[in-house]
2 protein chains.
Amino acid sequence: MNENVSPDERLRQMIARLKESDNRVTPQRYAVLKVLAHSFEHPSAEDIHAQLLDNFPTMSLATVYKTLALLKQQGEVLELEFSDLCNRYDGNKPYPHPHVICTGCGAIVDPSFQDFAEISQKMMDETGFKIVAHRFDFYGLCPDCQNSE
Amino acid sequence: MNENVSPDERLRQMIARLKESDNRVTPQRYAVLKVLAHSFEHPSAEDIHAQLLDNFPTMSLATVYKTLALLKQQGEVLELEFSDLCNRYDGNKPYPHPHVICTGCGAIVDPSFQDFAEISQKMMDETGFKIVAHRFDFYGLCPDCQNSE
DNA sequence: TTATTTACGGATAACTATTATCCTTAACGA
DNA sequence: TCGTTAAGGATAATAGTTATCCGTAAATAA
């Protein structure tokens, strides 16, 4: 599962994967990968774009989306979809895992609990589905937002 | 939690709740509630609208959305949000519960597992969040879609 | 019953995150 | 260095949902 990998090592992994599949590692792509590897707050496409504008003033938001789409296809980024908000991305742990989401400020953190094998098997046994992914989100207020109420 | 309530009883509950809060129960709203109470396949807004066009040829899709928004606000319907697909609605069990979702045909079924108290408490202890809701989705292929591959 | 007020329904415009399109430019191999 | 092809940038298009506006129906009071 490649857990507990440093941001730089994770960056190398993503670059290697792109090269293996004959995709070019352009300066723009490298920059997006770097932000993803070093971000633990699950940034949105616009967050990533905003962070890159300093060094890449002409960086298009479309390029960020295209790079994210490529990484999704390679299984190198996890997309957290929201219908009413913008999607958020996790490049450090691209496999399904639980998230705790603040409905006040939008913060997203990863809890340590990760064990879904058993419960996933239970669901398959009961429903006959062949389950390949899952989503486990908890919604509430983070400590900061609780205090500032 | 009002589990295992018959569709007709569930319909009465929703109507009662609307009247309590001084909302009118118009023929259009009644029709939307009825579809929600009798549907177990988690219909979309358009599904509901399509089912009603026979008896209400002038029913507007906006009316369906408005009624769903009202029910959401009252906590009488659960909205399952998808960023790439249309949202789906559960009027029978308006509280958070797990779903098993077919990525082939879009079918959504409710497994029997419902116990989230313990795991929810664990998340609160670890993160300091005050958790009020959750989402637990399993994605895979239903038996029918597995066979027709 | 009638008048009055207010909420509701219907049609449609607006919104917004994301994707597609199109053309130019940059990357890589020979 | 040249030629091929993928990638970037700007912008149009998409689609589910929400907002707006006005006519109408529902509830209340006289």
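Reminder, nothing fancy here: chain letters follow the sequence lines and each chain counts from 1. Values reported hereafter were calculated over all heavy atoms of this structure, with side chains retained and with hydrogens, waters and symmetry mates removed.
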Over how many whole Å does the gap from [X] atom [atom1] to [N] atom [atom2] extend?
X	N	atom1	atom2	value
B:Leu80	D:dG16	CG	P	17 Å
B:Leu18	D:dA27	CG	C1'	16 Å
A:His49	D:dG8	NE2	C1'	11 Å
A:Arg29	D:dA6	CZ	P	11 Å
B:Lys19	D:dT28	NZ	P	12 Å
B:Glu81	C:dT18	CD	P	13 Å
A:Phe56	D:dG8	CZ	P	11 Å
A:Leu71	C:dT18	CG	P	15 Å

Side chains of [X] and [Y]: does their closest heavy-atom pair fall under 4.5 Å?
X	Y	value
B:Asp8	B:His38	yes
B:Ile108	B:Val100	no
A:Val132	B:Thr103	no
A:Thr63	A:Phe56	no
B:Lys19	B:Ile15	yes

Need one value for B:Asp84: base, sugar-phosphate or nothing, where a base atom within 4.0 Å counts as base even if backbone is also close, heavy atoms only.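 Answer is nothing: B:Asp84 stays at 4.0 Å or more from every strand.
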What I want to find out is whether A:Arg135 reaches A:Asp137 closely enough, with some N-O distance under 4.0 Å, to be called a salt bridge.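 Counted as a salt bridge, because a side-chain N and a carboxylate O are separated by less than 4.0 Å.
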Atom [atom1] in [X], atom [atom2] in [Y]: separation rounded to 0.5 Å?
X	Y	atom1	atom2	value
A:Met59	A:Leu52	CE	CG	4.5 Å
A:Leu70	A:Gln74	CG	CD	5.0 Å
A:Asn87	A:Glu79	CG	CD	4.5 Å

With each end axis built from five pairs of C1' atoms, what bend angle do you get for the helix from C:dT1-D:dA30 to C:dA30-D:dT1? Round to 10°.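 About 30°, once rounded to a multiple of 10°.
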Nearest-nucleotide pick for B:Ser60, side chain only, options being C:dA11, D:dG9, C:dG9: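 The nucleotide sitting nearest to the side chain is C:dA11.
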Minimum heavy-atom separation for A:Asn92 and A:Ala37, please, with both atom names.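 The answer is OD1-O, 2.9 Å.
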Checking A:His42 against A:Asp110: is there a side-chain donor and acceptor pair closer than 3.5 Å?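 Short answer, yes.
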Answer with yes or no whether the side chains of B:Asp125 and B:Gln121 bring together a donor and an acceptor at under 3.5 Å.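 There is such a pair (donor and acceptor under 3.5 Å, judged by atom type) between the side chains of B:Gln121 and B:Asp125.
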Reading nucleotides 25-30 of chain C from the 5' end, what letters show protein touch, with B for base, S for backbone sugar-phosphate only, - for no heavy atom under 4.0 Å? --B---
Keeping to residues at least two apart or across chains, list the ring pair (Phe, Tyr, Trp, His ring centres under 6.0 Å) pairs with something in residues 124-149 of chain B.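 Of all non-adjacent pairs touching residues 124-149 of chain B, those that pass ring pair (Phe, Tyr, Trp, His ring centres under 6.0 Å) are A:Phe116-B:Phe136, A:Phe136-B:Phe136, B:Phe116-B:His134, B:Phe116-B:Phe136, B:Phe136-B:Phe138.
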Name the pairs: protein N/O against N/O of nucleotides 17-19 of chain D, kept only if under 3.5 Å.
unit_1, atom_1, unit_2, atom_2, d
D:dT17, OP1, B:Asn87, N, 2.7
D:dT17, OP1, B:Asn87, OD1, 3.3
D:dT17, OP1, B:Asn87, ND2, 3.1
D:dT17, OP2, B:Tyr65, OH, 2.2
D:dT17, O5', B:Tyr65, OH, 3.3

What parts of residues 30-39 of chain A reach DNA chain C, counting only heavy atoms under 4.0 Å away?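 Those residues whose heavy atoms fall under 4.0 Å from DNA chain C, taken from residues 30-39 of chain A, amount to none.
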Atom pairs and distances, side-chain donor-acceptor, residues 22-35 of chain A, under 3.5 Å, sequence neighbours left out:
unit_1, atom_1, unit_2, atom_2, d
A:Asn23, OD1, A:Ser21, OG, 3.1
A:Thr26, OG1, A:Arg29, N, 3.2
A:Arg29, NH1, A:Arg24, O, 2.8

